[in-house]
Number of protein chains: 2
Amino acid sequence: MPTLQDVAKLAGVSSATVSRTFNNPELVDFATRSKVTAAIRKSGYTRNETARSLATRSSRTVGILTDTFVSNYFAPILEGASKLLGQYGYYATVAATEHNLSDAESTDSQIRAWRSLIDRQVESIIMLAFMESADLAHLAKEFPKSIVIGTSIDADQHQCITFDHYIGGRLAAEHLLKNGHHNIVMITGPTHKQDSVQRGQGFIDKLKEHDIQLGINQIFIGDYTFQGGRNAMRKIIESGQNPTAVFAQNDDMALGVASECYNAGIAVPKDTSIVGFDNSNLSTVMSPPLTTIDQPLMLMSRAAATLALNISYGRAHQTPLENPQTHFIPTLIERDSVANIRT
Amino acid sequence: MPTLQDVAKLAGVSSATVSRTFNNPELVDFATRSKVTAAIRKSGYTRNETARSLATRSSRTVGILTDTFVSNYFAPILEGASKLLGQYGYYATVAATEHNLSDAESTDSQIRAWRSLIDRQVESIIMLAFMESADLAHLAKEFPKSIVIGTSIDADQHQCITFDHYIGGRLAAEHLLKNGHHNIVMITGPTHKQDSVQRGQGFIDKLKEHDIQLGINQIFIGDYTFQGGRNAMRKIIESGQNPTAVFAQNDDMALGVASECYNAGIAVPKDTSIVGFDNSNLSTVMSPPLTTIDQPLMLMSRAAATLALNISYGRAHQTPLENPQTHFIPTLIERDSVANIRT
DNA sequence: GTTGCCAATGAAAGCGCTTACATTGTATAG
DNA sequence: CTATACAATGTAAGCGCTTTCATTGGCAAC
């Protein structure tokens with residue numbers, strides 16, 4: 001690998017001049033500039049970003065912390081953030097923790113992944129909401145240049161891109177109500193996740209306003225996975241409640257529910273209606289297409305990336321980008337998985 | 001951010017000693033070692049990987065080149081490779097090109113992403129098969145420490161993790177034949193992709209051996225997307241051929257086919273059977289579950305990562321890992337989307 | 001008491017860049 | 001013609017580490 005020095009020698013100039021033709025071409029004479037570019041081409045030189053980062057104390061890199069790449073929820077966020085960053089000449093590097101471990105190991109692995117980002121001198125970290133808010137808050141406190149996306153951690157201290165899960169829950173309930181449903185069950189996400197409890201609370205509250213109590217028997221604990229949704233639906237069927245509608249707190253589970261319905265010969269939405277949450281890729285791909293709550297992950301991830309960029313711009317005394325929207329409100333996307341059973 | 005020097009001063013030793021307690025603790029006396037670790041903890045020191053990389057000329061990082069994070073095919077590969085690398089203390093960094101561009105722009109963006117990996121001093125690059133083999137080959141020639149996964153580029157020169165798409169195609173045909181299907185159509189992937197032509201060729205060849213010719217009217221060009229599968233199925237329906245089986249060259253399209261069947265009131269598999277390809281997450285999630293050809297992406301990606309590790313180990317005169325399997329053979333996974341129509 | 005060896009540490013160079021500062025040459029003003 | 005300014009370039013220090021080589025002191029052997 002040729003270095004700046006090699007190029008400089010080849011072009012008969014000093015390495016400073018070569019560096020300048022890269023970073024401040026306006027400072028170098030046209031004639032020498034072309035000598036240099038010729039030498040660069042000839043030697044096949046490629047800049048060593050590592051050395052550049054060290055010298056300038058800026059990596060032009062933002063880290064993203066996630067626990068997996070295989071997720072209908074996280075993947076679009078990675079995509080959105082990394083592409084936007086790329087457009088501004090920044091680089092996104094994502095660290096994935098090892099999951100499927102015991103609690104202690106998994107916390108350990110989360111910290112390792114997080115440290116690896118910091119060690120790599122990322123200029124900020126976008127944290128996806130895959131762990132408990134308290135843990136996120138803890139990390140964000142250690143490393144203030146953090147941005148949390150999808151959940152909020154105790155307020156003003158830190159930057160968050162938030163989404164109103166509570167209203168989402170209400171919207172789901174409202175839609176079911178409007179279509180005449182009373183006998184309703186809900187499948188939750190992991191109980192320790194804030195977003196899940198908010199979605200649930202919104203749903204329950206709205207129902208309660210219409211004098212429908214969602215009791216312990218109408219609430220099934222899920223885990224945001226297809227299989228989880230499936231298991232829950234099996235239990236629902238076994239319970240003999242014959243609900244006319246089920247609210248699954250995310251689309252993966254909604255698909256699981258639909259799948260179990262299919263197996264049991266239950267027609268969707270004729271026999272039972274389903275509403276999901278997230279409006280992920282899955283929702284348009286299901287048959288019937290899923291009525292769900294839209295969470296604009298692309299916008300949110302781009303907003304997070306913009307915040308990240310502004311952290312870096314701030315340090316470099318560059319003029320910041322326009323501040324993005326940081327709080328997002330859900331909307332209901334009506335498709336074909338909810339039947340109107342009004343008499 | 002405290003530096004090694006700061007820690008050294010705090011502990012009353014030289015920076016060399018601090019460095020050694022990190023990298024060669026056996027060389028430093030127990031007493032000083034504990035002084036140093038105390039100082040590290042106290043100062044909140046975290047190592048600067050950038051500086052370390054520069055000094056050691058090794059980044060402990062392997063790059064992965066892809067075009068998107070949102071893919072049932074690529075995501076598991078990212079997952080598998082990055083987790084394995086992580087287990088060995090290496091770091092995977094993935095560069096995603098911007099897609100949805102014109103051809104010229106997209107080539108440009110691919111090269112930019114690729115360069116950004118090289119500039120970051122990755123020790124090898126794992127390239128996913130999202131572009132034409134010729135382009136992959138071209139890049140691999142420029143940067144010999146490349147590993148291609150999912151397709152083969154002209155042989156022995158370069159390292160590849162390959163999969164026998166041709167046999168996969170044959171397997172699909174064989175299964176359909178065995179179940180009594182004669183009136184068959186096929187939906188291909190993008191015609192410029194090697195894997196797609198191989199899948200198609202295997203399918204056609206096997207059929208031909210049983211005196212079934214797949215003519216131009218029975219072959220529909222798809223693009224490996226859900227929507228592509230859907231469109232193709234619509235055309236198939238409109239064509240009035242009423243095939244008893246359709247072979248979709250990947251699972252995304254198979255799902256599209258199923259979806260269109262649903263809309264048209266065609267029962268799967270009673271009215272028409274479907275076989276997919278890849279055995280992606282989608283295939284177990286569909287109703288009915290999809291009969292498909294398994295491509296063991298986890299194994300393949302781990303094999304690619306192992307190869308990558310060995311490249312680095314080679315440079316560092318470390319003892320290499322056991323060489324992984326590099327060629328993978330498909331198997332057919334029988335689920336419920338193919339009906340036996342033997343009389 | 002020398003000598004030699006080895007374990008533990010420090011001094012300093014160097015990885016490939018950037019950048020403040022110094023230097024040079026030339027155009028412009030007086 | 002000298003003084004001044006400025007554009008173009010070079011010199012060299014330094015970013016935070018690693019690592020070679022030198023130094024030191026203790027201990028075993030003689």
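Every chain is numbered from 1 and lettered A, B, ... according to where its sequence line falls, protein lines coming before strand lines.
Among the heavy atoms of the strands lying under 4.0 Å from R20(B) is at least one base atom, whether or not backbone atoms are also near. At the heavy-atom level, Y45(B) lies under 4.0 Å from the strands shown only through sugar-phosphate atoms. Nucleic acid contact class of S19(A) (heavy atoms, under 4.0 Å, all strands): base. Within the nucleic acid shown, T50(B) has no heavy atom closer than 4.0 Å to any nucleic acid atom.
One cannot find a donor-acceptor pair under 3.5 Å joining the base of dG14(C) and the side-chain atoms of R57(B).
Judged by the 6.0 Å and 45° rule, R60(B) forms no cation-pi pair with Y91(B).
For R47(A) and dT18(C), the CZ to P distance is 5 Å, given to the nearest whole Å. As a whole-Å value, the separation of Q5(B) CD from dC17(D) C1' is 9 Å. Distance NZ (K9(B)) to C1' (dG10(C)): 15 Å, rounded to an integer number of Å. The separation between R120(A) atom CZ and dG16(D) atom P is 18 Å, rounded to whole Å.
With values rounded to the nearest 0.5 angstrom, Q194(B) atom CD is found 10.5 Å from T162(B) atom OG1.
Considering T50(B), T61(B), N48(B) in turn, T61(B) is the only one that fulfils the side-chain hydrogen bond (donor to acceptor under 3.5 Å, both in side chains) rule with R120(A).
Ion pair D108(B)/R112(B) flagged as a salt bridge, since at least one NZ, NE, NH1 or NH2 atom sits closer than 4.0 Å to an Asp/Glu carboxylate oxygen.
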